[in-house]
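Notes follow the structure.
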Amino acid sequence: MNKAKYTQEVPEDRNEVLKIIQEEKKPLKIMILGGVDSGKTTLTVFLANELLSQGFRVAIVDSDVGQKGILPPALISLGFPDSIFTTMEEIKPVKHYFVGTITPNQFFGEMVTGVKLLVNEAMKRRADIVIIDTTGLVHGSGVELKRMKIEMVKPDLVLALQRKDELEDILRPFENKTRVIRLAISENAKLHTREERRQIRKEKWKKYFENSSEYILDLRKFYISGTLMFQGKEISEEEKGLLESLFRWLIFHGRKIASRYFVVKADIGSFPRNFDKNAMNAVDLENLSNLLIGFIDKDGFCLGLGILKLINFKELKAHVLTPLNENEIKNAVEIRFGRIRVREDGEELGLLHRDAL
Ligand SMILES: Nc1ncnc2c1ncn2[C@@H]1O[C@H](COP(=O)(O)OP(=O)(O)OP(=O)(O)O)[C@@H](O)[C@H]1O
C-alpha cells in the first residue's frame, strides 16, 4: 500500500547530502523536488531516518497531496517522527492544512499557504531540520507553483531529483540565491500508472475513514468556506420560482452574490439549458453528496476530514461522516468544502472544478 519505504540502498550522492546537512547551520529547511515517481518520498524517509539517528529533531511537511505518506490525502501535513520508521504512514501528524483535493491544479493558493504555515509551525516547535516533500507536478504551471513555494518558504537547501534536466526550468531563477543540490534518481525507482496511484489512495482513504460515525451538524454554528454557497443573500421566493420555471429546475438553495446567482438544483427532465455562466452558477445537488470537507480550527488548521452525505437546506443541517469525535468537532469553527467526491470505502467518484462551488 505504501510506495516508499526506508531503504539504505540509495545512490552514493545521498551520503554527500547527509554530510552537507550535518554541517549546515540549524534550523535548516530542505525542499525536495522531483517529477512523478522520482523517489522524493523515499529520499524524505531516508534523510529523516538517518538524521533522526544522528540525534536531530526532524520535521516532515508532506505536501504531496495526491500521493501522501502521512494520512490522509488531500491535506498538507506536519509530523515529527520520533523513532526510526519504515513508511511515512507511521508518522502521527501534529497539524494539517486543508487543500481538499488530490491535485495541486487550481489550488496553488492553498498549497503555498499550507506549506508556509506548516513550515512556520515546525520552526515554532523547534525542529532542527524541516524536510518538505512536494508533488510531482514540475512542468507547465508546476514550474510556477514550485517557484511560489520556494519564494515563500525560502528553503536553505533544495534537493533536485532529476533524470536529465527536467527541473532546470524551476531551478534557473534560484541559481544564485538558493543552495541547490542535483541528485540522481535511484535505478530502483519504479513508475506507477494512474490506476495504481488511485488504488494506493483508495487504501489510504479507506483506512482514514474506517471507524467513522455520521453526525448531523447545524451549519449555522460554523463558518462555511471553500465555496460561494453561503455568500451574499438568499434569493426571494419570487426569484426562485422564476428560475425554476425558466430552467425547469427544482431549486434547493439559492443565493445572490453581488449581481450573480448561485443555485443548488436538480434538473426536471433533460434538455439543453443555456445561460450565461457569468450571471449564474448552478450546481447539481448530486455533486454535494460524498463531497470531501474539512473541519477547520480557529487558527485555520484542519482538524480532520469528513464526507458530506447530504445537506438539508431548509434546516441548514449537514449529514457528515467523519472519524473525528464529538470533542474534536467542537474545536472546529469552520467547515471548508473540498473538490473531490469520495466514498468511505475509498472509491473516488470524481473531481469538481474549483469554480463549481
Ligand atoms: N532508493 C530506492 N530503492 C528502492 N526503491 C526505490 C528507491 N527510490 C525509489 N524507489 C521506489 O520507486 C517508487 C517511487 O518512489 P517514491 O514513491 O519515493 O517517489 P515519489 O517521487 O515520492 O513519487 P510521487 O510522484 O508519487 O510523489 C517507489 O515504489 C519506491 O519504492
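For ligands, and for the atoms within them, numbers begin at 1 and follow the listed sequence. Scope of the values below: all heavy atoms of this structure, side chains included, with no hydrogens, waters or symmetry mates.
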Residue, atom name and distance, where the atom is the protein heavy atom closest to [atom]:
{"atom": "atom 31 (O) of ligand 1", "result": "Lys3 O, 2.7 Å"}
{"atom": "atom 4 (C) of ligand 1", "result": "Asn188 CB, 3.3 Å"}
{"atom": "atom 10 (N) of ligand 1", "result": "Ala189 CA, 3.7 Å"}

Part of Arg197 within contact of ligand 1 (heavy atoms, under 4.0 Å): side chain

Under-4.0 Å heavy-atom contact with ligand 1, by part of Thr42 that carries it: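 The answer is both.
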
Distance, nearest 0.5 Å, that separates [atom1] of [X] from [atom2] of [Y]:
{"X": "Lys154", "Y": "Lys177", "atom1": "NZ", "atom2": "NZ", "value": "9.5 Å"}
{"X": "Leu243", "Y": "Ile251", "atom1": "CG", "atom2": "CD1", "value": "4.5 Å"}
{"X": "Leu303", "Y": "Asn331", "atom1": "CG", "atom2": "CG", "value": "6.0 Å"}

Where Ile307 and Asn290 come nearest, the two heavy atoms and their spacing: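 Of all heavy-atom pairs spanning Ile307 and Asn290, the closest is CG2-CA, 3.5 Å.
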
For the student: nearest non-hydrogen atoms of Lys277 and Arg260, plus distance: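 Closest approach of Lys277 to Arg260, heavy atoms only: O-NH2, 3.0 Å.
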
For ligand 1, is there an N or O atom under 3.5 Å from any N or O atom of [X]?
{"X": "Gln67", "value": "no"}
{"X": "Thr134", "value": "no"}
{"X": "Ser186", "value": "yes"}
{"X": "Thr7", "value": "no"}
{"X": "Asp133", "value": "no"}
{"X": "Leu43", "value": "no"}

Ring geometry between His253 and Phe230 (parallel below 30°, tilted from 30 to 60°, perpendicular above 60°):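 Answer is tilted, since the angle falls between 30° and 60°.
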
Parallel, tilted or perpendicular: rings of Phe301 and Tyr97 (30°, 60°): perpendicular

Asp218/Lys317 salt bridge by N-O under 4.0 Å criterion: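 A salt bridge is absent here (no side-chain N lies under 4.0 Å from a carboxylate O).
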
Option among Lys68, Lys146, Lys40 that satisfies the side chain to side chain donor-acceptor pair (under 3.5 Å) test with Thr135: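 Testing Thr135 for a side chain to side chain donor-acceptor pair (under 3.5 Å) against Lys68, Lys146, Lys40 leaves exactly one candidate, Lys146.
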
Would you say [X] contacts ligand 1, with heavy atoms under 4.0 Å as the rule?
{"X": "Gly35", "answer": "yes"}
{"X": "Lys190", "answer": "yes"}
{"X": "Ser38", "answer": "yes"}

